[in-house]
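Have a look at the structure below, then the notes.
Note that ligands are numbered from 1 as they come in the structure, with each ligand's atoms numbered from 1 the same way. The residues of the chain are indexed from 1 along the displayed sequence. These numbers come from a predicted model, not from an experiment.
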Amino acid sequence: MRFRVQVLAAALILAFVGVCPCRAADLALVHAKIYPSPTDPPFEDGSIVIHDGRILAVGSRAAVKVPRGAKVIDCTGLVVTAGFWNSHVHILTPGLIHADKLSPEETTAQLQAMLTQWGFTTVFDIASVLNNTNLIRRRIANGETKGPRILTVGEPFWIETPIYVKSFLENNHVNIPDVQSVSEAEERVKQQVHDGADGIKIFANSVERNVILTMPADMARGIVAEAHALGKPVFAHVSNNKGIEVALESGVDILAHTTPTDELWSAAFAQRLVAGHMALTPTLTLWEFESRKGSISAADLEQGMNRAAEQLNAFSRAGGDVLFGTDVGYTDSFDTSEEFKWMSRAGMSYQQILASLTTNPTRRFGFSTRSGRIAKGFDADLVVLRADPSRDVAAFSHIRYTIRNGMVIYTSGS
Ligand SMILES: [Zn+2]
């Protein structure tokens, strides 16, 4: 009997601790306009309570009680969405590439300039140096460096180093071997996944001095099959529609670009991409960055951008899975506002753009039960915007705070 009383008492204590108001939540955002997801209606005057890096409660002001002792951020006039994903970045800038020679603070500063000040709480790095990216990930995990969650493919697979990265790699003493055979490529896939890669990247096309090379289909198939056997997604760099055919044939999961210098994408072509379960990172502003290198006229640039936007439009209208991605780290265009403007010009609504930043990547990469929405139990990864993206999508680039795991990792100057 006495034993049963003790058990009952212990159970009561545990039940009490579970709901104990004295265990104050870490952080509360109040008076915010909150978009819980791209499809749910917003809370006009909403609150979010965060505890231990997770969302404890979200709802209207009346429905959510802010625990005593919580740190409160007044979000009057501000808008909150789930933390953004950028599904096409590179941990390759001078401020990141040799992290062992950089202090954690220097790494934080570079990650902030490039990613966290633009609201990114998770990024997919789709070509870098795996050892170096792993070092940065460890520093973020142990709190030395403030940064986003980084998923990575590590070193990419190409049959020949693309001309536009040759000197960069040489100058930085980075050696990424050309793939010589299917069996060798398969071994490397195994090794990189073993070493921590979350995906694999192939160059279905490699741009060389006077020619665009295309990876042989059997090689692409071997790499993709090996990655899929290990449960990892495959990204493909493409420069033309022939590269897209190799990607389709081999079962690639994500196209890393549109192909504005090739034929436009017909509705039927876009349907084929969707039927092949292919996602797309549009990287529309990449074309502006590339043309700045040459002596292209303003009119030609405008035309190229419009073609890229038309391809995105065809893909989006076909119901394709768009994952926001900019190629930042290869490009120095950290500011995301132009990309949002062009996505909108391509016919995407603010809800579709928000989905490309949140729910589309979390579903695609297997994080949809914990990330991409503001819901009870989800990771407390949030973006606080200065303005409402339903009025103007440029608001997606006007960041007030970036919050990861319940901690403010970026605050704008004013
Ligand atoms: Zn890229």
Side-chain angles (χ1 to χ4, degrees), residues 85-97 110-111 114-115 118 120 122-130 132-133 136 148 150-169 172 174 176 192 197-208 212-213 215 220 223 227 233-240 243-244 246-247 252-261 278-293 304-305 308 311-312 322-336 338-339 342-343 356 361 364-365:
W85 284 58
N86 188 330
S87 302
H88 187 153
V89 312
H90 296 284
I91 304 297
L92 273 181
T93 58
L96 296 172
I97 191 157
Q110 176 69 114
L111 290 169
M114 190 165 120
L115 301 169
W118 304 104
F120 298 113
T122 304
V123 298
F124 218 129
D125 154 56
I126 64 163
S128 68
V129 176
L130 186 54
N132 185 65
T133 303
I136 294 172
I150 300 175
L151 304 173
T152 183
V153 302
E155 286 82 355
F157 289 69
W158 51 47
I159 53 171
E160 193 168 329
T161 311
I163 183 106
Y164 50 86
V165 290
K166 262 181 192 152
S167 58
F168 172 82
L169 296 178
N172 285 287
V174 174
I176 299 176
Q192 288 189 198
D198 305 286
I200 293 294
K201 159 88 169 280
I202 65 165
F203 275 68
N205 298 117
S206 300
V207 176
E208 302 305 333
I212 296 179
L213 301 176
M215 181 178 274
I223 294 171
V234 181
F235 296 75
H237 169 91
V238 289
S239 303
N240 61 29
I244 294 182
V246 169
V252 159
D253 304 280
I254 303 108
L255 282 186
H257 306 290
T258 60
T259 51
T261 57
M278 197 87 89
L280 170 71
T281 59
T283 68
L284 300 175
T285 38
L286 167 67
W287 309 114
E288 193 173 353
F289 173 82
E290 291 294 38
S291 30
R292 266 195 271 130
K293 291 182 188 167
M305 292 293 289
Q311 291 178 329
L312 172 58
V322 179
L323 314 179
F324 183 86
T326 49
D327 218 341
V328 67
Y330 168 68
T331 83
D332 58 5
S333 309
F334 296 168
D335 186 332
T336 51
E338 278 292 297
E339 188 73 19
W342 277 97
M343 289 172 88
S356 81
R364 173 70 54 165
F365 300 124

ask   = Could you state the interatomic distance from CD (Glu338) to CG (Leu284), rounded to the nearest 0.5 Å?
value =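 The distance works out to 10.5 Å.
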ask   = From Leu151 CG over to Ile126 CD1, what is the distance, rounded to the nearest 0.5 angstrom?
value =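 The CG atom of Leu151 sits 12.0 Å away from the CD1 atom of Ile126.
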ask   = Can you tell which of Asp125, Asp327, Thr283, Thr326 makes a side-chain hydrogen bond (donor to acceptor under 3.5 Å, both in side chains) with His88?
value =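 For His88, the side-chain hydrogen bond (donor to acceptor under 3.5 Å, both in side chains) check succeeds only for Asp327.
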request  = Can you check the number of protein N/O/S atoms within less than 2.8 Å of the Zn ion (ligand 1)?
outcome  =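 If we list every protein N, O or S atom nearer than 2.8 Å to the Zn ion (ligand 1), we get 3.
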query = Thinking salt bridges, do Glu208 and Lys166 make one under a 4.0 Å N-O criterion?
reply =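 A salt bridge links Glu208 with Lys166.
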message = Determine whether Phe124 and Phe365 satisfy the following criterion, ring pair (Phe, Tyr, Trp, His ring centres under 6.0 Å), listing intermediate values before the conclusion.
response = CA-CA 10 Å; Phe124 218 129; Phe365 300 124; 4.8 Å; yes
Side chain Asn132, main chain Ile97, donor-acceptor under 3.5 Å =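 Yes; judged by distance alone, with no hydrogens or angles, the pair exists.
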